[in-house]
Amino acid sequence: SILFYDAQRSGKLPPNNPIPWRGDSALDDCVVGGWYDAGDHVKFALPFGSTTMLIMWSMYRFKDGYVAAGQLDQQFDMIQWATDYMLNAWDPVNKTLVAQIGEGNDDHHFWGRAEDMTMDR
């Protein structure tokens, strides 16, 4: 379900956010946006990239299914959310990629909403 990815969004949420109990989070990250990983609040480039590729592939392979389900616009929004984050994670001047935001040990000691995080990132 695309709603899973909506619930994992980090950053400034769009006006069409379909998850009413989620709000903006991690607005001070060095790269704002993207998705949280594995139900916690860390963001990792490798699983993020893999997930993005699978979402794009599913659109290529099963576009008719998204159309029939009335989810085509939502899928395009999700792809744009991911690619915008990836573009912002790349620094072309210094040729560096932000590959991780957050620290797993600190994050795993916090059992709260992303909107309430206070740990260093």
Side-chain angles (χ1 to χ4, degrees):
S1 170
I2 298 169
L3 289 174
F4 172 81
Y5 298 101
D6 284 306
Q8 297 303 310
R9 282 182 170 178
S10 173
K12 176 80 175 148
L13 300 182
N16 67 346
N17 173 37
I19 310 295
W21 47 266
R22 281 297 321 276
D24 299 341
S25 61
L27 297 177
D28 294 326
D29 281 355
C30 62
V31 183
V32 176
W35 296 307
Y36 296 116
D37 180 76
D40 56 26
H41 306 109
V42 182
K43 297 187 282 189
F44 296 105
L46 185 60
F48 185 92
S50 176
T51 298
T52 302
M53 185 277 305
L54 288 171
I55 288 172
M56 289 180 180
W57 180 84
S58 75
M59 176 68 101
Y60 170 77
R61 181 68 177 86
F62 303 109
K63 185 176 180 181
D64 291 345
Y66 288 105
V67 171
Q71 296 292 302
L72 187 64
D73 288 341
Q74 291 85 343
Q75 187 71 340
F76 278 127
D77 284 349
M78 203 52 60
I79 290 169
Q80 183 174 1
W81 185 265
T83 55
D84 286 350
Y85 177 79
M86 288 179 169
L87 290 171
N88 289 327
W90 173 248
D91 178 350
V93 174
N94 296 309
K95 295 186 168 80
T96 56
L97 175 72
V98 175
Q100 179 175 334
I101 298 177
E103 200 283 315
N105 288 324
D106 292 341
D107 183 82
H108 294 157
H109 288 102
F110 174 72
W111 288 81
R113 298 171 358 114
E115 296 85 344
D116 299 329
M117 287 187 294
T118 59
M119 75 282 262
D120 289 335
R121 298 191 38 86

Describe, in one word, how the ring planes of Trp35 and Tyr5 are oriented to each other, choosing from parallel (under 30°), tilted (30 to 60°) and perpendicular (over 60°).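 Because their plane-to-plane angle lies in the 30° to 60° range, the rings of Trp35 and Tyr5 count as tilted.
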Are any side-chain N or O atoms of Asp107 and backbone N or O atoms of His41, one a donor and one an acceptor, separated by less than 3.5 Å?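 Judged by distance alone, yes, a pair lies under 3.5 Å.
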Backbone N/O of Val31 and side chain of Lys43: donor-acceptor pair under 3.5 Å: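 Flag set: sc Lys43 to bb Val31 pair under 3.5 Å.
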For [X] versus [Y], what's the shortest heavy-atom pair and its separation?
{"X": "Val32", "Y": "Ala26", "answer": "CG2-O, 4.1 Å"}
{"X": "Arg9", "Y": "Pro14", "answer": "NH1-CG, 3.0 Å"}
{"X": "Met56", "Y": "Thr83", "answer": "CE-CG2, 3.2 Å"}
{"X": "Leu27", "Y": "Gly11", "answer": "CD2-C, 3.5 Å"}
{"X": "Tyr66", "Y": "Ser58", "answer": "OH-OG, 2.8 Å"}
{"X": "Arg22", "Y": "Glu115", "answer": "NE-OE2, 2.8 Å"}

With rounding to the nearest 0.5 Å, note down the distance linking [atom1] in [X] to [atom2] in [Y].
{"X": "Asp64", "Y": "Phe62", "atom1": "CG", "atom2": "CZ", "result": "10.5 Å"}
{"X": "Ile79", "Y": "Asp84", "atom1": "CD1", "atom2": "CG", "result": "12.0 Å"}
{"X": "Asn17", "Y": "Lys12", "atom1": "CG", "atom2": "NZ", "result": "10.5 Å"}
{"X": "Asp28", "Y": "Asp120", "atom1": "CG", "atom2": "CG", "result": "11.0 Å"}
{"X": "Gln74", "Y": "Ser1", "atom1": "CD", "atom2": "OG", "result": "10.0 Å"}
{"X": "Trp81", "Y": "Thr52", "atom1": "CH2", "atom2": "OG1", "result": "12.5 Å"}

Please assess Met119 against Glu103 for the test side-chain contact (heavy atoms from CB on, under 4.5 Å), listing each intermediate value before the final yes or no. CA-CA 9 Å; Met119 75 282 262; Glu103 200 283 315; over 6 Å; no
Hydrophobic clusters here meaning ILVMFWY residues chained together by side-chain heavy-atom distances under 4.5 Å, can you tell me if [X] and [Y] are in one?
{"X": "Val98", "Y": "Val42", "result": "no"}
{"X": "Ile101", "Y": "Phe48", "result": "yes"}
{"X": "Met78", "Y": "Phe4", "result": "yes"}
{"X": "Phe76", "Y": "Ile2", "result": "yes"}

Under the 4.5 Å side-chain heavy-atom rule for ILVMFWY, direct or indirect, which residues accompany Trp21?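 When side chains under 4.5 Å apart are linked, the cluster holding Trp21 also contains Leu3, Ile19.
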Considering only Ile, Leu, Val, Met, Phe, Trp and Tyr, and joining two whenever side-chain heavy atoms are under 4.5 Å apart, list the other residues clustered with Trp90.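 In the cluster with Trp90 are Leu97.
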One pair to check against side-chain contact (heavy atoms from CB on, under 4.5 Å): Lys63 and Gln75. What are the steps and the verdict? CA-CA 9 Å; Lys63 185 176 180 181; Gln75 187 71 340; over 6 Å; no
Using side chain to side chain contact (heavy atoms under 4.5 Å, CB included) as the criterion, list what pairs up with Asp37, not counting sequence neighbours.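 Counting only residues at least two positions away or on another chain, Asp37 forms a side chain to side chain contact (heavy atoms under 4.5 Å, CB included) with Asp40, Phe44, Pro47.
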Neighbour count >12 (heavy atoms, 6.0 Å) for atom CG, Asn16: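 For Asn16, atom CG is crowded (more than 12 foreign heavy atoms under 6.0 Å).
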Take Phe110 and Thr118 through the side-chain contact (heavy atoms from CB on, under 4.5 Å) test and state the conclusion after the steps. CA-CA 9 Å; Phe110 174 72; Thr118 59; 5.7 Å; no
Side chain to side chain donor-acceptor pair (under 3.5 Å) assessment of Tyr36 paired with Ser25: CA-CA 10 Å; Tyr36 296 116; Ser25 61; 2.7 Å; yes
